[in-house]
Q: 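Sharing a structure below in structure tokens format, with a few things to ask.
Order of the sequence lines sets the chain letters (A, B, ...), proteins ahead of strands, with each chain counted from 1.
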Number of protein chains: 2
Amino acid sequence: MKPLRFGILGTAGIARKNWKAIFHSGNCTVTAVASRELDRARQFIAENQRETPFPTTPTPFGSYEALLASPDVDAVYLPLPTALRKEWVLHAAAARKHIVCEKPCAISAPDLDEMLAACRQHRVQFLDGVMFMHAPRLAALRQLLDDGDTLGELRRITSQFTFLGHDGFLEKNIRAQAHLEPLGCLGDLGWYNLRFALWANRWQLPRTVTAQTLRQTETGVPLDFSGELQFPNGVSSGFYCSFVTFRQQWANVGGTRGYLQVHDFVNPFYGHETGFDVTQILQDGPRAVPHVRRVTVPGHACAHPTAPEAALFRNFAAQVATGQINPDWPEWARLTQLVSDACLTSAKTGKPVTLPAA
Amino acid sequence: MKPLRFGILGTAGIARKNWKAIFHSGNCTVTAVASRELDRARQFIAENQRETPFPTTPTPFGSYEALLASPDVDAVYLPLPTALRKEWVLHAAAARKHIVCEKPCAISAPDLDEMLAACRQHRVQFLDGVMFMHAPRLAALRQLLDDGDTLGELRRITSQFTFLGHDGFLEKNIRAQAHLEPLGCLGDLGWYNLRFALWANRWQLPRTVTAQTLRQTETGVPLDFSGELQFPNGVSSGFYCSFVTFRQQWANVGGTRGYLQVHDFVNPFYGHETGFDVTQILQDGPRAVPHVRRVTVPGHACAHPTAPEAALFRNFAAQVATGQINPDWPEWARLTQLVSDACLTSAKTGKPVTLPAA
């Protein structure tokens, strides 16, 4: 099979991680990198080739348009700031390049709808950069969630994804800048919380969303945010995401018979081991003691063929190779964006937001 | 020191546990038990004396009034349903009996204010039955929370306290009956979530409370409930309590430098061991891995001198022996009830509730 040839639009930090991911996918390659300054593209390529060399050195481009016009590019990876994603997804789709788009995919659900319509029109595959969706661990979690026995009926999903911005983070990092990343921690971190809840509850759209911005920049970018989703099937989910709280990235899924805990649901903490804990009460009665067992799933954190992001690019290339569009992937992004929009609206209005039935 | 002589008002299941707690306190004794039916008081005494005998068999009473009139009673333990607590706290205070009152203490904060005013007037000590406040583990948690180093600045408190009601629970158990327990799972379980958050954040009153009843009985009793507290110091807390979700009772306290996890913050799960986990990142840098250490604190789950509820009665008797009233204890109950009221109001109105500055 010919490897899927990626062009990288932009040289953000996350693109370095995904250069490695493309390398370790086994079925993709990088053939081009574009920056608005040609030298930056050259430097990015030189640095990354030194660490993780592709057999053929990718071509640097001094504009995104030029990269999109290249016949040596089948697909683009888009790590540009959120405010620029719509424009470049529309361009990339028109250029018939398949698209892996960083999250949050857009500023708002109507914007994303336009982007996804363009992808459909030009028959290009769209996927957002939520790595954990492609981790082998997720399949193991799904199996336990769905066996009808371990957890019983699903009831509650709680998650937290936080990290502490360093000194100067709020001033310098684009993740707190209103014109580039207006969704702040909700887009950067909460996107994972929402995605996990939607996934765990099998893509139901919540009926009601209540949320609050706990801290924000002077320009209104959320830095500390919490929300509550109520699903039509009686499941609920609470989440918290923040740039001002020490790194935590856990999810807890509780049912009527037991619960699952994932301590590192976004990025595996422990380098070479991934897994989760399952708690059940195996004996009945008032003195019953919970039984906790660890389920381990082979997998590495990053820069390895078993890392979630390598699996993401591998799955993407395999899908593109079929010649068919996977309609689930853009739909996952659309649902996440809808709920994210509802969270922001609730936080701004101080009222619960009711979503239309899916 | 003469033991503090308790009368038990009512023969609910929880009173059996606290008979044992009084026994194991080492400085209390039960001298009287009242039920509206004398035979039920007799039977309760006989059964409990068989298992955990006091040297002198307590006296059965066929009315609460009669017990309160007894000169052999210094203090009462009040496990009556919530709807009856106000009446009997007022009677007990007038009879100059010190009071250990089950939670939730009252139907509403104004009711509790009347009850606490009566206690002040008659100079009797009031304490609610939140056992974990008296567990040795709490002092160890406090120390780490306050050392300024382990967690850094406090940011987020999340907790869940749930259990699955058995078949028939909703029909038969008083905890779901509107006329006796109108606060449902919020009063029975959420009281602990709120208390934990108030305690962890050093008794600040939240400025804003947002909450939702996720499921309720036909008569409006909450069965599944979640809420979010925003404190003036920028700390926030999310909680979930439920009668329809498998037993979980965890709390997570996160700061800017680390976090604490208590897996069984209400009733120690593991029989003869209590403790919690502390997670920190000890090395800096992007590949830093969290370090988890277990802190263990000697303690038993119940029916033992080191159990939290034995410590509760021991602390209570020691306080009464000083001849002074501890004003913190009724204040803890008052703050918890205020926040509980705000949660219910928010859930009913679908709006955030703003609390007055303390």
Q: Tell me which of these, Gln160(A), Gln261(A), Arg215(A), has more heavy-atom pairs under 4.5 Å with chain B than the rest.
A: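 So the answer, after comparing Gln160(A), Gln261(A), Arg215(A), is Arg215(A).
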Q: Which bit of Thr158(B) is near chain A, if near means a heavy-atom gap under 4.5 Å: side chain, backbone, both or neither?
A: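 Contact with chain A is through the side chain of Thr158(B) alone.
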Q: Could I get the full list of ring-ring contact (aromatic ring centres under 6.0 Å, His included) partners for His304(B), not counting sequence neighbours?
A: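 In terms of ring-ring contact (aromatic ring centres under 6.0 Å, His included), with neighbours along the sequence ignored, His304(B) is linked to His300(B).
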Q: Is Thr245(A) close to chain B through its backbone or its side chain, or both, or neither, when contacts mean heavy atoms under 4.5 Å?
A: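 Looking at Thr245(A), backbone and side chain both touch chain B.
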Q: How would you list, by chain and number, every residue that makes a side-chain contact (heavy atoms from CB on, under 4.5 Å) with Asn48(B), sequence neighbours excluded?
A: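 Once residues adjacent in sequence are excluded, the partners of Asn48(B) under the side-chain contact (heavy atoms from CB on, under 4.5 Å) criterion are Arg16(B), Trp19(B), Phe44(B).
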Q: To the closest 0.5 Å, what do you measure between CD (Gln248(A)) and OG1 (Thr279(B))?
A: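 So the gap between those two atoms works out to 7.5 Å.
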Q: Determine whether Val292(A) and His263(B) make a side-chain contact, defined as any pair of heavy atoms from C-beta on separated by less than 4.5 Å.
A: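 When only atoms from C-beta onward are counted, His263(B) and Val292(A) do not touch, as no gap falls below 4.5 Å.
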Q: For the side chain of Arg155(A) and the backbone of Val244(B), is there at least one donor-acceptor N/O pair under 3.5 Å apart?
A: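 Such a contact is found between Arg155(A) side chain and Val244(B) backbone.
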Q: Any non-hydrogen side-chain atom of Gln230(A) less than 4.5 Å from a side-chain atom of Gln212(B)?
A: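 A side-chain contact exists here, since the closest heavy-atom pair is under 4.5 Å.
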Q: Is the shortest side-chain heavy-atom distance between Asp224(B) and Arg156(A) below 4.5 Å?
A: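 No; the side chains remain at least 4.5 Å from each other.
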Q: Residue by residue, which of residues 249-258 of chain A have a heavy atom closer than 4.5 Å to a heavy atom belonging to chain B?
A: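 Contacts with chain B: Trp250(A), Asn252(A), Gly254(A), Gly255(A), Thr256(A), Arg257(A), Gly258(A).
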Q: Is chain A contacted by the side chain of Gln280(B), its backbone, both, or neither, given a heavy-atom distance below 4.5 Å?
A: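 Gln280(B) touches chain A through backbone heavy atoms alone.
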Q: Please round to the nearest 0.5 Å and tell me the distance separating atom OG of Ser236(B) and atom CZ of Phe225(A).
A: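 Separation between the atoms: 11.5 Å.
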Q: So which of Pro352(B), Gly227(B), Gly238(B) has the largest heavy-atom pair count under 4.5 angstrom toward chain A?
A: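 The answer is Pro352(B).
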Q: Output the distance between atom NZ (Lys351(B)) and atom OG1 (Thr349(A)), rounded to the nearest 0.5 Å.
A: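 Output value for this atom pair is 11.5 Å.
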Q: Mind checking salt bridge (Lys or Arg N to Asp or Glu O under 4.0 Å) for Asp146(B) and listing every partner two or more places apart, or none if nothing turns up?
A: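 In terms of salt bridge (Lys or Arg N to Asp or Glu O under 4.0 Å), with neighbours along the sequence ignored, Asp146(B) is linked to Arg142(B), Arg202(B).
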